[in-house]
Amino acid sequence: MRSTARELNWSGTVTYTAEHVARPGSVVEAAELVARSRRVHGLGTRHSFNDVADAPGVLLDLTAIPTDLVVDSDRQTATLGAGTRYGVVAPDLDRAGAALHNMGSLPHISVGGAVATGTHGSGTALGSLSTAVRAFEVIGPDGSVRTVDRDDPTFDGAVLHLGLLGIVTRVTLDVEPAYRMRQDAYGSIPWDTFTAHVAEVHAAADSVCSYTVFGDQVSEVLLKTRVPVDADDVPVPEELFGAPRLPGAPGDDHRTARDGSVGPWWDRLPHFPIGSVPSHGSEVQSEHFVPLRHAAAALDALRGLADRIQPHLHVSELRTMAADDLWLSPSQGEDVLCIAFTWKKHPAEVAALLPDLEARLAPFGGRPHWGKMSSLDGAAIAALYPRLADFRDLVARADPERTFASAFGERVLGT
């Protein structure tokens with residue numbers, strides 16, 4: 001199937017420049033489209049806030065290809081269509097006795113798109129969603145399909161690929177036995193107390209998220225805690241650095257339960273329930289990753305811009321992520337604090353603010369999320385990623401005729 005051109009991203013702030021969007025119903029159909037297209041690029045669920053998923057020619061939306069979930073309990077893997085949304089497949093994994101190590105706050109994103117852009121959940125000991133990939137199938141420029149797995153010497157460079165290596169059609173993920181969790185909400189923590197203990201706050205549970213508008217406090221902290229397999233529940237602290245545990249609220253159409261009740265992993269790790277759309281895209285987003293050891297200094301530096309940030313900000317969410325070895329990962333080499341901004345739908349004002357915001361983070365090696373707003377140019381990005389030259393070489397070998405090239409890749413990565 002094909003749609004007419006000039007479509008928009010989820011928030012309506014990015015207009016795709018591709019000639020049209022194709023929505024193949026099978027891997028075979030997708031491969032045929034690639035083989036006969038001069039320029040083609042993969043398109044996820046349109047949750048990026050920049051042109052990372054845009055390119056001339058044809059955009060391939062893989063969400064119509066069946067999930068075809070295959071769980072291998074012996075190998076502890078799950079293989080599925082890359083266009084599948086996490087919220088669609090997670091309950092099926094649970095019914096098969098399996099679970100993912102983490103999920104993003106929004107379960108409506110596709111597996112392939114999340115992996116390709118380094119999207120993540122939270123947890124100081126938990127890697128990004130890309131780190132769960134054990135293997136993937138990718139359509140090359142001639143329409144042939146090949147498999148890349150962890151035995152491939154270029155695997156760490158190919159997993160987080162920004163669509164520049166081909167069209168990923170199926171993904172094999174690490175899974176583990178299904179588990180249950182509880183989510184508890186805690187009240188505000190004074191700014192100085194939080195920054196003095198930011199690593200400890202975010203180590204207080206398996207997954208921790210904190211919220212602020214860069215005023216005098218962190219307004220709320222969410223602790224997501226695993227329940228042991230042989231237990232009905234698990235104790236949690238009644239206060240967190242002076243912040244009391246709140247009564248919380250049961251799950252509803254807008255957010256998952258944060259009242260301490262025990263539920264399946266897939267209904268506690270995300271912030272938003274899988275059965276409803278959390279908003280209508282009335283926002284824009286930016287996000288930056290700094291080494292966790294610099295968390296306090298980086299947050300204080302941003303707080304110096306509070307008077308300019310606050311008029312345009314809904315909220316900033318703070319999360320953590322474990323280090324990995326993926327060449328283009330924002331957490332490559334070191335545990336990080338993720339500072340995410342959910343802005344009001346003021347794209348021009350946010351774009352004007354970002355250079356100063358990112359300058360505040362530059363002394364700490366602040367890396368932007370690949371799928372969100374940023375002002376950093378190719379030179380700044382090259383200084384942040386020591387394996388970028390290797391990635392460029394990998395792209396040149398995999399796609400010598402630049403079938404999968406994009407303006408984002410050229411402008412930001414120099415591919």
Side-chain angles (χ1 to χ4, degrees), residues 22-44 52-53 55 57-72 75-84 89 110-118 128-175 324-329 370 387-406 409 413 415:
R23 196 163 181 257
S26 68
V27 174
V28 170
E29 186 181 347
E32 291 173 347
L33 281 165
V34 172
R36 65 173 183 259
S37 299
R38 170 66 186 88
R39 299 290 293 274
V40 63
H41 203 79
L43 178 67
V52 68
V58 181
L59 293 182
L60 284 192
D61 174 347
L62 303 183
T63 57
I65 296 178
T67 300
D68 188 21
L69 175 65
V70 178
V71 177
D72 187 328
R75 297 182 64 237
Q76 293 275 276
T77 63
T79 302
L80 61 150
T84 303
V89 75
S110 68
V111 173
V115 166
T117 55
S128 73
L129 303 183
S130 309
T131 64
V133 176
R134 188 177 296 193
F136 60 91
E137 295 178 5
V138 58
I139 301 173
D142 62 352
S144 63
V145 180
R146 66 186 180 99
T147 298
V148 181
D149 61 26
R150 286 179 179 157
D151 292 330
D152 189 309
T154 66
F155 181 79
D156 285 346
V159 173
L160 204 168
H161 53 84
L162 303 178
L164 298 172
L165 295 176
I167 305 297
V168 174
T169 55
R170 286 184 67 74
V171 182
T172 297
L173 304 174
D174 289 328
V175 295
D324 61 60
D325 295 321
L326 305 181
W327 296 356
L328 293 189
S329 173
W370 293 114
R387 300 299 301 271
L388 179 55
D390 295 325
F391 180 75
R392 290 173 182 150
D393 290 342
L394 181 60
V395 171
R397 293 195 304 272
D399 185 24
E401 300 300 321
R402 298 175 54 77
T403 300
F404 306 111
S406 70
L413 300 174
T415 56

Between [X] and [Y], which heavy-atom pair has the shortest distance, and what is it?
X: S130; Y: G118; answer: OG-CA, 3.6 Å
X: G143; Y: A35; answer: CA-CB, 4.1 Å
X: S406; Y: H41; answer: CB-CE1, 4.0 Å
X: R39; Y: A405; answer: NH2-O, 3.2 Å
X: A30; Y: I65; answer: CB-CD1, 4.5 Å
X: L69; Y: A78; answer: CD1-CB, 4.1 Å

Do the side chains of [Y] and [X] get nearer than 4.5 Å, heavy atoms only?
X: H161; Y: V168; result: yes
X: D68; Y: L80; result: no
X: R146; Y: V138; result: yes
X: E401; Y: P141; result: no
X: V171; Y: V133; result: yes
X: L160; Y: W370; result: yes
X: L165; Y: D399; result: no

Checklist line | Test applied, side-chain contact (heavy atoms from CB on, under 4.5 Å); reference residue, I167; option that passes from T403, L62, V145 | finding: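 Single side-chain contact (heavy atoms from CB on, under 4.5 Å) partner of I167 among T403, L62, V145: L62.
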Exam field: side chain [X] to backbone [Y], donor-acceptor pair closer than 3.5 Å:
X: R170; Y: V27; value: no
X: S37; Y: L33; value: yes
X: T154; Y: G157; value: no
X: R150; Y: F155; value: no

Note to self: Run the side chain to side chain contact (heavy atoms under 4.5 Å, CB included) test on V34 and L60 for me, step by step, so that the C-alpha distance in whole Å, both residues' side-chain angles and the decisive distance to 0.1 Å come before the verdict.
What the structure shows: CA-CA 9 Å; V34 172; L60 284 192; 3.8 Å; yes
Margin query: Could you go through D324 and S329, starting from their C-alpha distance and side-chain angles, then the distance that decides it, and tell me whether this counts as side chain to side chain donor-acceptor pair (under 3.5 Å)?
Written below: CA-CA 7 Å; D324 61 60; S329 173; 2.8 Å; yes
Check: Going through the checks in order, is the side chain to side chain contact (heavy atoms under 4.5 Å, CB included) test met by W327 and D156?
Finding: CA-CA 6 Å; W327 296 356; D156 285 346; 3.8 Å; yes
Pairs of donor and acceptor atoms involving the side chains of residues 391-398, under 3.5 Å and at least two apart or interchain, shall be tabulated with distances.
| unit_1 | atom_1 | unit_2 | atom_2 | d |
| --- | --- | --- | --- | --- |
| R392 | NE | L413 | O | 2.7 |
| R392 | NH2 | L413 | O | 3.2 |

Atom [atom1] in [X], atom [atom2] in [Y]: separation rounded to 0.5 Å?
X: D149; Y: T172; atom1: CG; atom2: OG1; value: 9.0 Å
X: R75; Y: D174; atom1: CZ; atom2: CG; value: 9.0 Å
X: L173; Y: T77; atom1: CG; atom2: OG1; value: 9.0 Å

Margin query: Less than 4.0 angstrom from a charged side-chain N to a carboxylate O is my criterion; do D72 and R134 meet it?
Written below: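 No.
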Note to self: Assess the residue pair T147 and F136 against the criterion (side chain to side chain contact (heavy atoms under 4.5 Å, CB included)); give the C-alpha distance rounded to whole Å, side-chain angles, the decisive distance to 0.1 Å, and a yes or no.
What the structure shows: CA-CA 6 Å; T147 298; F136 60 91; over 6 Å; no
